[in-house]
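Notes follow once the structure below has been shown.
The sequence lines fix the lettering, A, B, ..., with proteins before strands; numbering per chain opens at 1. All values below come from the heavy atoms of this structure, side chains included, with hydrogens, waters and symmetry mates left out. These figures come from a predicted structure and were not determined experimentally.
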Amino acid sequence: MNTNNEIVSLTNIIKNYDNGKVITKALQGIDLKIYQGDFSVMMGPSGCGKSTLLNIIGALDRATSGSVIFNGKDFNSLTNKELSIIRRNQIGFVFQNYNLLPVLTAYENAEYVLMLQNIPLSQRKEKVMNLFKEMELEGLENRLPRELSGGQQQRVAIARAVVTNPLLVLADEITANVDSKTAQSLLMLMEKLNKNNNITFLFSTHDPIVKKFARKVILLKDGRIDKEELSSENI
Amino acid sequence: MRSNLLLISKIGWRSIWRNKRRTLISLFSIVIGTGIPIFFVCIAWGFYAGLIDDVARLMSGHITYEHVEYRNSPSNDLWVDDIQKIDQTLNNNSEILTTKQIVNLQGVAHTAKGSVGISLMGVEPEKEITISFLPENIIEGKYLSKGDERWVVVGQKLAKNLNIDIGKKFVFTTNNVDGELTEELFRVKGVFKTGSKEIDGHFVQSDIGIARKVAGLSNDDVSQLGIIVKNPDNHENFIKDLQKSVAKNSGVFLSWQKIMPDVATTIRMDRTAISSFMIMLVVIVLFTMFSTILMSALERKREFASLLALGAQQIELKIQIFLETIFFGLIACPLGALLGISLAKWVEGYDMMDMFGGKAEDMTVGGFGMDTIITPLFSLPLILQISIFFFFAVQLLSILPIYLISRISITDELRSA
Ligand SMILES: Nc1ncnc2c1ncn2[C@@H]1O[C@H](COP(=O)(O)OP(=O)(O)O)[C@@H](O)[C@H]1O
Ligand SMILES: [Mg+2]
């Protein structure tokens, strides 16, 4: 691991949710670095702050205090619009319930962010088709999400997240809605993308299967990092 | 941005068809909302155009040339002269279809049965046949012909009140242009029925020759010169031109609105009524659609949130919602116009009395009877105006959803699985 290839650097991240009555201290001082090529997983019991942390790293939410440096940029100094452009160009998201746009076909869903990026049609087509081939999604291009199984939908969602070649892909509980065999194949696929295309992944999960694939495990507890360990079998 | 706009339109278009039933109900309410006023306007405007034309042709034309004082008191000693030359000039104008020379005499008709105040209109019968509907409405006897001395046609009510019929006489007392009392004996050649109490009870036509003689006017004088134009709606500037180039001495050109203020006022009031009716319909349409449009945006909050997460801009979502109501308007407003026009076409030629019941005599505007046969007028500017009005009204519906979407919290929406 090489500090030159540091993508994310978190310093003393605190996140409080204040709903007017109760203040929930979701993150209580997180320091964390993510490097180019990582395939890491955050684990911990439900409510320990995994999603909150992913959202902050992914520029979906702002920390109450502390700094997020993403690819050299300090999120605190960026406007919401600038954050959304970073999400568009440098971050990929995969969600627990896929969140594919139901009115778009598999192909169109994968093409969506490329269109936001104003990539020309021919290039979009090439990128999506190549990826679909690599991800064994060929033949499903024209299906709507509701015509796909959960595992297929999640594969399309992964395709959508990686097609733009982002610096970092954030994946929150992505195996929660599929059976363990499907989970296994999804992870194998992402491992391949990580190795072949050098795409960095950060997972959050409490699914042990994910842990099996991860090269680094970050254990969260009550909004704090309890332990960071390298998983020897995967290095 | 162009490919984005295409993408946004695609998503918007497909989104409105996700709940077909709901979308069809919304479209239906816009179609009805647009169609009904267009239907009424086509019927009403057609009806007014017919009424204006009928009355103008029966009386003193769409534009009238008369003495400047005649409007205030239409007395027998106010006339305009040099009329043959003016008439010739007017008939050479391409905007003018034809003209009618008129001598009006106010007076009293007497028989053994009694006396009735009447208005006698001296006309050129051979021309009147081509201009006015009165000759067609003769129910007994015949209409006048050129050079008829002492023959008149009278209304059915007047005939009854004076107890006269074909061939019978009455005495007409009036003032000539010098203010002297004169009497003339007239015979009934025909009896007409128009449906208007005023006209059937107090209106008499004779040949213009005898009317001039009784009045003491020369061949070059008339009380009014009626002008029938091609386009009765558009005459402001035309009248100004005529006034400058043709008018002599104390003669003035006036529009039918000035000549028949009652008819003009009634029409204006009716137009206001139709506008209020339209506003009411807009409110109903917006009301029925409001909750559906709002719901269809709110139930997609999660999708919008995930698009924002992927890097879509707020503005792109707003444009999408806005486009969706534009699609609604673009589909439904033309269909509404089509519906209104088709309905109006469908009832064209029917008699309103057969459809709604009632007597034609009851239907008068400014004292004039109306033609109860439905003849819609399809005015493109008006139909466009109403459709566009509804189109823009529908666009108001996107304001609240756009506002609510602009306040969406990505993480809250994505969390509430
Ligand atoms: N928007 C929110 N408002 C209030 N509390 C929240 C919000 N999001 C998360 N929390 C709370 O913050 C804590 C951490 O939540 P989360 O990050 O979702 O945990 P995890 O993903 O590890 O299950 C929990 O106690 C949760 O209830
Ligand atoms: Mg979570």
Quiz item: Which bit of A:Leu104 is near chain B, if near means a heavy-atom gap under 4.5 Å: side chain, backbone, both or neither?
Solution: both
Exercise. Kindly give the heavy-atom pair with the smallest separation between B:Leu310 and A:Leu116, and that separation in Å.
Key: O-CD1, 4.3 Å
Practice problem: Would you sort out whether A:Asn97 and B:Arg302 count as a side-chain contact (heavy atoms from CB on, under 4.5 Å), showing the intermediate values? | Solution: CA-CA 11 Å; A:Asn97 28 37; B:Arg302 191 190 169 75; 2.6 Å; yes
Exercise. Answer yes or no: does atom NZ of A:Lys73 have more than 12 heavy-atom neighbours from other residues, nucleotides or ligands under 6.0 Å?
Key: no
Quiz item: Considering all heavy atoms of both residues, which atom of B:Thr411 and which atom of A:Leu60 are nearest to each other, and what is their separation?
Solution: CG2-O, 3.8 Å
Quiz item: Hey, is CZ on B:Phe277 packed in by over 12 heavy atoms from elsewhere, all under 6.0 Å?
Solution: yes
Exercise. First locate atom CG of B:Leu7, then atom CD of A:Glu111, and finally report the distance between them rounded to the nearest 0.5 Å.
Key: 7.5 Å
Quiz item: Got more than 12 heavy atoms from elsewhere within 6.0 Å of CZ, B:Phe392?
Solution: no
Self-check item: A:Tyr112: ring pair (Phe, Tyr, Trp, His ring centres under 6.0 Å) partners, not counting sequence neighbours
Solution: none
Exercise. Evaluate whether atom CZ of B:Phe389 has more than 12 neighbouring non-hydrogen atoms of other residues, nucleotides or ligands under 6.0 angstrom away.
Key: yes
Exercise. Any chance you could measure A:Leu121, atom CG, to B:Leu6, atom CG, to the nearest 0.5 Å?
Key: 10.5 Å
Quiz item: Looking at A:Ser84 and B:Ala312, what are the two nearest heavy atoms and their distance?
Solution: OG-O, 4.3 Å
Exercise. Select all residues of residues 10-17 of chain B having any heavy atom within less than 4.5 Å of some heavy atom of chain A, and report them by number, or 'none'.
Key: B:Lys10, B:Ile11, B:Arg14, B:Ser15
Exercise. Select one option (side chain, backbone, both, neither) describing which atoms of A:Asn99 are under 4.5 Å from chain B's heavy atoms.
Key: both
Quiz item: What is the distance from atom CD of B:Gln313 to atom CD1 of A:Ile85, rounded to the nearest 0.5 Å?
Solution: 5.0 Å
Quiz item: Are B:Leu307 and A:Leu101 side-chain neighbours, meaning at least one heavy-atom pair lies under 4.5 Å?
Solution: yes
Practice problem: Spell out, as yes or no, whether a donor-acceptor pair under 3.5 Å connects the side chain of A:Arg87 to the backbone of B:Ala309. | Solution: yes
Quiz item: In terms of heavy-atom pairs under 4.5 Å, which option from A:Gly92, A:Ser51, A:Gly58, A:Pro102 contacts chain B the most?
Solution: A:Pro102
Quiz prompt | A:Arg88 and B:Glu316 ion-paired at < 4.0 Å | solution = yes
Exercise. Return yes if a side-chain donor-acceptor contact under 3.5 Å exists between B:Arg415 and A:Asn55, otherwise no.
Key: no
